[in-house]
2 protein chains.
Amino acid sequence: MLSKKAKYGLKAMFYLGKHFGKGPVLISDLAEEENIPKKFLELILLELKKNGLLYSKMGKGGGYSLSKSPEEITVGQVVRILDGPLAPIPCVSKTAYMKCAECDNEKTCEIRKIMMQVRDASAAILDHTSLMEAPKAIFSVNRKSK
Amino acid sequence: MLSKKAKYGLKAMFYLGKHFGKGPVLISDLAEEENIPKKFLELILLELKKNGLLYSKMGKGGGYSLSKSPEEITVGQVVRILDGPLAPIPCVSKTAYMKCAECDNEKTCEIRKIMMQVRDASAAILDHTSLMEAPKAIFSVNRKSK
DNA sequence: TATATATTCTATCGAATTAGTAGTTTATTT
DNA sequence: AAATAAACTACTAATTCGATAGAATATATA
């Protein structure tokens, strides 16, 4: 499940994507426009900033803006920062791999094989969808064998 | 993230799949073989039984077995019972749809469009992978447009 | 330099979820 | 009746989620 945090974060990022090049946006405005609890949004934007996706400026005339163009920021990046790895289980994560405590033979683990496919499919979609092209459905899943 | 509950449940189901046709399996044996806390496993098996995936018998000579052949049970079914809908957000779930509280225009919601793709990709994999064919990689994700 | 503005930081909090455990009850076989 | 094994009920500790509160810091401008 996508957390509210990630959902709010994505909303904010899309909003900032639409405003890209038009100067900084205030947290307050963003919160009101997108119906996000302001204080919660503060933390979210800060986290996205610390991970290099946002630029901010304090004081009058300040606010938040994307640190690069919307085409260069993917939904996958945002989700990973706010919700952690896309992988359903740590042992199939490419960005945060961790061996299963119990599992002795990773090669033969059925669960791992399936979840690997799920991870790959999800990552393929989320990592190739930027804040610009988001609305387009650019992927499909095709049956191969059997 | 796949919960431990679902992970244990899948392990148990694969185990029962391998023992299909060889008589009932004891919770105790299953718990020990697969390194699952016995009491926790009890609850899991009960839930899978109540949802029609397992058959059980009390008393001596009793135990658990699949209620149908392993080919007929998919990983998706097991995960949905134990962890709920596959969809990352309720508004893209086919089995447990729920409108987003805030969202006024579902058609134009970017997040929804992306998560719909993720759901479809995940469901395609999990719903077409049975307890038998689990180890095979039968799907791939192909880029379409752009 | 004082003031207003806006982000940043630290801390806390209630509710829900997760991952179990304990103990009792019921059904079944011998 | 005794042994066996699942079924049921009820907790609980620890963590995560979704926030909120208030103070600190940086920046612009008058």
Side-chain angles (χ1 to χ4, degrees), chain A residues 1-12 16 19 23-67 79 81-85 88-90 100-102, chain B residues 1-12 16 23-32 34-67 79 81-85 88-90 100-102:
Chain A
M1 266 283 277
L2 197 75
S3 70
K4 286 209 170 187
K5 192 173 166 189
K7 202 175 169 186
Y8 291 156
L10 284 173
K11 277 191 168 194
L16 291 173
H19 282 248
V25 175
L26 298 184
I27 298 182
S28 315
D29 292 349
L30 224 174
E32 198 166 350
E33 288 287 325
E34 296 292 334
N35 276 294
I36 304 170
K38 193 198 159 189
K39 274 300 196 176
F40 196 14
L41 181 58
E42 278 183 21
L43 302 179
I44 294 168
L45 295 180
L46 204 54
E47 207 169 334
L48 292 170
K49 181 202 168 163
K50 283 180 178 161
N51 282 276
L53 262 42
L54 294 177
Y55 163 84
S56 72
K57 203 178 162 188
M58 283 174 147
K60 195 166 190 183
Y64 271 100
S65 46
L66 298 185
S67 65
V79 172
I81 290 167
L82 299 174
D83 272 2
I89 43 177
C100 293
E102 342 87 73
Chain B
M1 267 282 276
L2 197 75
S3 71
K4 285 209 172 189
K5 192 173 165 190
K7 202 175 169 188
Y8 291 156
L10 284 173
K11 277 191 169 192
L16 291 173
V25 174
L26 297 185
I27 297 182
S28 315
D29 291 350
L30 225 175
E32 198 167 350
E34 296 292 333
N35 276 295
I36 303 170
K38 192 197 160 188
K39 274 299 196 177
F40 196 16
L41 182 58
E42 275 184 25
L43 302 179
I44 294 168
L45 296 179
L46 204 53
E47 206 169 335
L48 291 170
K49 180 200 168 165
K50 281 180 179 162
N51 282 275
L53 261 43
L54 295 177
Y55 163 84
S56 71
K57 203 178 161 188
M58 283 172 146
K60 194 166 194 184
Y64 271 99
S65 46
L66 298 184
S67 66
V79 172
I81 289 167
L82 299 175
D83 272 2
I89 44 177
C100 294
E102 343 86 73

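As a basis for the values below, the full set of heavy atoms in this structure was taken, side chains included, without hydrogen atoms, waters or symmetry mates. Each chain gets a letter, A, B and so on, in the order its sequence line appears, and its residues count up from 1.
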side-chain N/O B/Ser56 vs D/dA7 OP1/OP2, d < 4.0 Å: yes
Among D/dA6, D/dA7, C/dT7, the one nearest B/Ile27 by side-chain distance: D/dA6
Whole angstrom value for the distance that separates C1' of C/dA6 from CG of A/Leu30: 14 Å
Residue pair B/Leu46 / B/Tyr64, side-chain heavy-atom distance below 4.5 Å: yes
C/dA19 phosphate, OP1 or OP2, under 4.0 Å from B/Tyr8 side-chain N/O: no
Main-chain N/O of A/Asp83 paired with A/Ser3 side-chain donor or acceptor, under 3.5 Å: no
Spacing between A/Lys4 atom NZ and C/dT17 atom C1', to the nearest angstrom: 15 Å
Given DNA chain C, 5'-ward residue of the pair A/Gly62 and B/Asp83, judged by closest heavy atom: A/Gly62
Presence of salt bridge, A/Lys39 and A/Glu42, under 4.0 angstrom: yes
Using a cut-off of under 3.5 Å, enumerate the N/O to N/O pairs linking the protein to nucleotides 20-27 of chain D.
{"unit_1": "D/dG22", "atom_1": "N7", "unit_2": "A/Lys39", "atom_2": "NZ", "d": "3.4"}
{"unit_1": "D/dG22", "atom_1": "O6", "unit_2": "A/Lys39", "atom_2": "NZ", "d": "2.3"}

Nucleotide C/dT21, atom P - distance to CD1 of B/Ile44 in whole Å: 11 Å
Pairwise distance CD1(A/Ile81) to NZ(A/Lys50) - rounded to 0.5 angstrom: 12.5 Å
Interatomic distance, A/Leu10 atom CG to A/Leu82 atom CG [nearest 0.5 angstrom]: 7.5 Å
Heavy-atom check, side chain of A/Glu34 versus side chain of A/Tyr8, under 4.5 Å: no
Any A/Tyr64 side-chain N or O less than 4.0 Å from OP1/OP2 of C/dA6: no
Side-chain touch A/Met1/B/Pro85, heavy atoms, less than 4.5 angstrom: no
Between D/dA5 (C1') and B/Leu46 (CG): distance, integer Å: 13 Å
Between P of C/dT8 and OH of A/Tyr55, the distance in whole Å: 10 Å
Nucleotide C/dA16, atom C1' - distance to CE of A/Met1 in whole Å: 13 Å
Separation of atom CD1 in A/Ile36 from atom P in D/dC17, rounded to whole Å: 18 Å
Minimum-distance nucleotide (side-chain atoms of B/Leu26 versus D/dA6, C/dA19, D/dC8): D/dA6
Closest nucleotide among C/dC9, C/dA6, C/dA19 to the A/Lys50 side chain: C/dC9
Length of the line joining A/Leu2:CG and D/dT16:P, which is rounded to integer Å: 18 Å
